[in-house]
Amino acid sequence: MSALETARGWLQQARRLCVLTGAGMSAESGVPTFRDALGGLWARYDPQQLATEAGFRADPQLVWDWYAARREGVARAEPNAGHRALADWQARHPGRLSLVTQNVDDLHQRAGSSDVICLHGALFANRWLDACRHLPAGAEAEDTRRAEPGRPPRCGVCGNLVRPGVVWFGEALPGQALQAAEDAAGDCDLMLVVGTAGAVYPAAGLPALARQAQARVVIINPAPSELDGLAHLVIRAKAAEALPPLLA
Ligand code: OAD
C-alpha cells in the first residue's frame, strides 16, 4: 500500500483532523518559502534585519518596503489545489478540521477555509509599533487607520510608527491562537504536517503534542524536515499534489 493510501485509511478513521501548514503549503502558489536553499527568503535576506523589532527600529523604511513587496507578491498569488482541497474537506466535514498555519499569507482563507488559526499573524494587518499615546478617546488601541501616509505610516501627533501585523523573531505568538492550536493538537486523532521545516517553535512542537495525545502524525513534504523522526508516516510529495487525492 502506498503512503498516500495508508494516510487515506487513517483519515477515514479519524474523528478529528488537525492540519499544521508552513511555507511549503503556498510554494506552488508562487509564494517563496523561508529555508529552502534555492529561493528561500532567508537564503537571500537577513531575518535579523527584516523580521525583528530591532531591525524595524533600526531602518523602518527598509523593513516596511520589504513587507510591501511581499504583500504585492501574495496579493498576486492564487490559492493552489492543496489550499482548495483543505477548504473542500472542511466544508464536507463540518466541525472535524482544525487548520493551524504558520503562514501569514491569506491563501487558506481565500480558498474558503474558515476559522484558520494563524500562529504568526497576518501579512496584510497593521499595528502600532508602540502604544500610541495620542489616540482619540474611544479609539481601539490597535486601530491604525488614522496614521498619516508614509513609509511606514506614522501617527501625526506622537510619531509612533505602523508596523506589519506579523510575529517577528523574539516575539510572543498571539496567545489565543497558540492556545487554540495546542487544544486542536491535543484533541485530534490525525495530524497532517504540511510544508514546514519544523525549525520554529512553538509551532514545531504541535506534532509532538498530537503524538502525546495518541494521534497519528503524517508529514507531507518533498524534502526531509526536522519533524520526520516523530511522524508515523512521511509522504514525499508537494502539498498541491498530495492533498487533493488524500482529501478527495
Ligand atoms: P520553511 O521555509 O522553513 O520550510 C518550508 C518547508 O516546505 C521545507 O521543509 C520544504 O521542504 C517544504 N516545501 C517546499 N516546497 C513544498 C511544496 N511544494 N509542498 C510541500 N512542502 C514544500 O517554512 P516554515 O517551516 O513555514 O516565521 O517556517 C516557519 C517560520 O519560519 C515561518 O512562519 C516564518 C519563518 O521565519 C516568521 O516569520 C515568524
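Remember, it's a predicted structure, so these values are computed and weren't measured experimentally. Whatever order the structure lists ligands and atoms in, that order sets their numbers, starting from 1.
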Inset, instruction - Inspect the surroundings of CD in Q13 and state if more than 12 heavy atoms from other residues, nucleotides or ligands are less than 6.0 Å away. - result: yes
Legend entry - Nearest protein heavy atom with distance in Å, relative to atom 14 (C) of ligand 1: D36 OD2, 3.5 Å
Inset, instruction - Please test E171 against R163 for salt bridge (Lys or Arg N to Asp or Glu O under 4.0 Å), starting from the C-alpha separation and ending with a verdict. - result: CA-CA 14 Å; E171 295 183 330; R163 55 159 281 182; 2.8 Å; yes
Legend entry - Shortest protein contact, atom 25 (O) of ligand 1 (heavy atom only): T196 OG1, 2.6 Å
Legend entry - Protein heavy atom at shortest distance from atom 11 (O) of ligand 1: N221 OD1, 2.7 Å
Legend entry - Contact atoms of ligand 1, heavy-atom distance to W42 under 4.0 Å: 35 (C), 36 (O)
Legend entry - Co-membership, hydrophobic cluster, residues V19 and L107, 4.5 Å side-chain: no
Inset, instruction - Identify which of Q102, M25, E171, R35 has a heavy atom lying nearest to atom 28 (O) of ligand 1. - result: R35
Inset, instruction - Give the numbers and elements of all ligand 1 atoms closer than 4.0 Å to a heavy atom of A23. - result: 23 (O), 24 (P), 26 (O)
Legend entry - A197 N/O under 3.5 Å from ligand 1 N/O: yes
Legend entry - Worked verdict on F56 versus W64 for ring pair (Phe, Tyr, Trp, His ring centres under 6.0 Å): CA-CA 8 Å; F56 183 74; W64 183 261; 7.3 Å; no
Legend entry - Protein residue, atom and distance nearest to atom 7 (O) of ligand 1, heavy-atom basis: G195 O, 3.2 Å
Inset, instruction - Compute whether any side-chain donor of one residue and acceptor of the other, for R16 and S98, lie under 3.5 angstrom apart. - result: yes
Inset, instruction - On the 0 to 90° scale, with breaks at 30° and 60°, tag the W10-H232 ring pair as parallel, tilted or perpendicular. - result: perpendicular
Inset, instruction - Return the residue, atom name and 0.1 Å-rounded distance of the protein heavy atom closest to atom 19 (N) of ligand 1. - result: A239 N, 2.9 Å
Inset, instruction - Check the pair R96, D189 against salt bridge (Lys or Arg N to Asp or Glu O under 4.0 Å), reporting the backbone distance first and the verdict last. - result: CA-CA 10 Å; R96 284 175 61 197; D189 318 285; over 6 Å; no
Inset, instruction - Just say parallel, tilted or perpendicular for the rings of W42 and W66, cut-offs at 30° and 60°. - result: parallel
Inset, instruction - Considering the heavy atoms of G22, write down every atom of ligand 1 situated less than 4.0 Å from one of them. - result: 26 (O)
Legend entry - Heavy-atom gap S225 to ligand 1 smaller than 4.0 Å: no
Inset, instruction - Report the nearest protein non-hydrogen atom to atom 30 (C) of ligand 1: residue, atom name, distance rounded to 0.1 Å. - result: V200 CG2, 3.8 Å
Inset, instruction - Answer with yes or no whether F169 contacts ligand 1, where contact means a heavy atom under 4.0 Å from a ligand atom. - result: yes
Inset, instruction - Starting from the C-alpha separation in whole Å, work towards a yes-or-no answer on salt bridge (Lys or Arg N to Asp or Glu O under 4.0 Å) for D130 and R57. - result: CA-CA 11 Å; D130 299 301; R57 287 188 190 278; 2.7 Å; yes
Legend entry - Side chains of N126 and T144, donor plus acceptor under 3.5 Å: no
Legend entry - Shortest protein heavy-atom distance from atom 27 (O) of ligand 1, along with the residue and atom involved: H120 ND1, 3.5 Å
Inset, instruction - Tell me which part of V167 gets within contact of ligand 1: side chain, backbone, both or neither, using heavy atoms under 4.0 Å. - result: backbone
Inset, instruction - Heavy-atom contacts with E28 under 4.0 Å: which atoms of ligand 1 show up? List them by number with element. - result: 17 (C), 18 (N), 19 (N)
Inset, instruction - Select one of side chain, backbone, both or neither to describe which atoms of A27 lie under 4.0 Å from any atom of ligand 1, heavy atoms only. - result: side chain
Inset, instruction - Could you find the nearest protein heavy atom to atom 34 (C) of ligand 1 and give me its residue, atom name and distance? - result: F34 CE1, 3.5 Å
Legend entry - Backbone N/O of P79 and side chain of R84: donor-acceptor pair under 3.5 Å: yes
Inset, instruction - Using a strict cut-off of 4.0 Å, indicate which atoms of ligand 1 neighbour a heavy atom of A223. - result: 11 (O)
